[in-house]
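All residue numbers in this chain count up from 1 along the given sequence. The model shown is predicted, which means the values in this text are computed figures rather than measured ones. Because only heavy atoms are used, hydrogens play no part in the values below, and waters and symmetry mates are left out as well, while side chains stay in.
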Amino acid sequence: MKMKYLMPWACFAMVVTGLTACDNDDHVCTLPSFAGFRIEPAAWNAGDSVTITAVQRTLGNLLYRADYQWSVKCTDTTFTKSYRVVYDNDKSDPYIGFRLPAGFSGKQADISFKVQYSYSATAPQTAPSGGNDGQSGLYGSITTVAASQLWGSGSGSYTYTWQ
């Protein structure tokens, strides 16, 4: 008879213990922070291969997918690139690379970068701050935002001029 009354209390105690034992702090996503754009080469001429990299200051964690979008608008041409990676498998700095056409003669480029991250765990409450902290060779700023419970985003732009 006593066993009949103890069983519901034992089940209740197990459920309460199971719920309080979970520690969600270990499974909170972290968005990366960015230091700025690395632009190579410094001056662009017709036929040059150009690479623009969004340099991460700190890496993210527990992020499933990253969708990157680039646009580089010059006087007479625009270069675009969109691609997707599984972020936790490929944490490399996002980049765009292109070759300038033979007739290229511009001296300015408008760079635009956007990213959207899909979370693999609990959404972060905040995003790390960006900025290059005076690092030479880096330009502009890229900010990230914990946009919703499912995804975070980032964006940055810079107008690059050369002689």
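Of all non-hydrogen atoms in Phe37 and Ala54, the two that sit nearest each other are CD2-CA, 4.4 Å.
A search for side-chain hydrogen bond (donor to acceptor under 3.5 Å, both in side chains) contacts involving Asp110 returns Thr159, not counting sequence neighbours. In this view, Tyr83 and Tyr68 satisfy the ring-ring contact (aromatic ring centres under 6.0 Å, His included) rule, not counting sequence neighbours. Checked against side chain to side chain contact (heavy atoms under 4.5 Å, CB included), Ala46 has the following partners two or more places apart in sequence or in another chain: Phe104. Residues passing the side-chain hydrogen bond (donor to acceptor under 3.5 Å, both in side chains) test with Ser33, sequence neighbours excluded: Thr58. Scored by the side-chain hydrogen bond (donor to acceptor under 3.5 Å, both in side chains) test, Ser148 finds Trp151 as partners (sequence neighbours excluded). Under the ring-ring contact (aromatic ring centres under 6.0 Å, His included) criterion, Phe79 pairs with Phe98, sequence neighbours left out. Tyr87 is linked by a side-chain hydrogen bond (donor to acceptor under 3.5 Å, both in side chains) to Gln56, counting only residues two or more places apart in sequence or in another chain. Considering only residues two or more places apart in sequence or on other chains, Ser118 meets the side chain to side chain contact (heavy atoms under 4.5 Å, CB included) condition with Tyr64, Arg65.
Within the structure, no pair that satisfies the salt bridge (charged side-chain N to carboxylate O under 4.0 Å, His left out) test touches residues 144-158, not counting sequence neighbours. Sorted by first then second residue, the salt bridge (charged side-chain N to carboxylate O under 4.0 Å, His left out) pairs that include residues 72-87, not counting sequence neighbours, are Asp67-Arg84. Residue pairs meeting the salt bridge (charged side-chain N to carboxylate O under 4.0 Å, His left out) criterion with at least one partner in residues 85-101, sequence neighbours excluded, are Asp88-Lys91.
Through side-chain heavy atoms spaced under 4.5 Å, either directly or across other Ile, Leu, Val, Met, Phe, Trp or Tyr residues, Val145 is tied to no other residue.
Follow the hydrophobic side-chain contacts under 4.5 Å out from Tyr117 and you reach Val85 in the same cluster. Note: the hydrophobic cluster containing Ile39 also contains Trp162 (ILVMFWY, side chain heavy atoms under 4.5 Å, direct or indirect links).
For an aromatic pair to be called close, the ring centres must be under 6.0 Å apart, and Tyr139 with Tyr158 satisfies this.
Judged by distance alone, the side chain of Thr144 and the main-chain N or O of Leu31 form no donor-acceptor pair under 3.5 Å. With Asn89 contributing its side chain and Val86 its backbone, the two residues share no donor-acceptor pair below 3.5 Å.
One distance of note links CD1 of Ile96 with CD1 of Ile111; it measures 9.5 Å at 0.5 Å rounding. Taking OG of Ser82 as the start and CD of Gln69 as the end, the distance is 4.5 Å to the nearest 0.5 Å. Expressed to the nearest 0.5 Å, how far CD1 of Ile142 lies from NZ of Lys114 amounts to 13.5 Å. Note that CZ of Arg38 and OG1 of Thr51 are 10.5 Å apart. Values are rounded to the nearest 0.5 Å. Atoms CG and CD, on Asp48 and Glu40 in that order, are 12.0 Å from each other to the nearest 0.5 Å.
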Candidate pair Val115 and Ser155, rule side chain to side chain contact (heavy atoms under 4.5 Å, CB included), full reasoning = CA-CA 6 Å; Val115 59; Ser155 64; over 6 Å; no

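Below 30°, between 30° and 60°, or above 60°: for Phe113 and Phe34 the angle between ring planes is above 60°, a perpendicular geometry.
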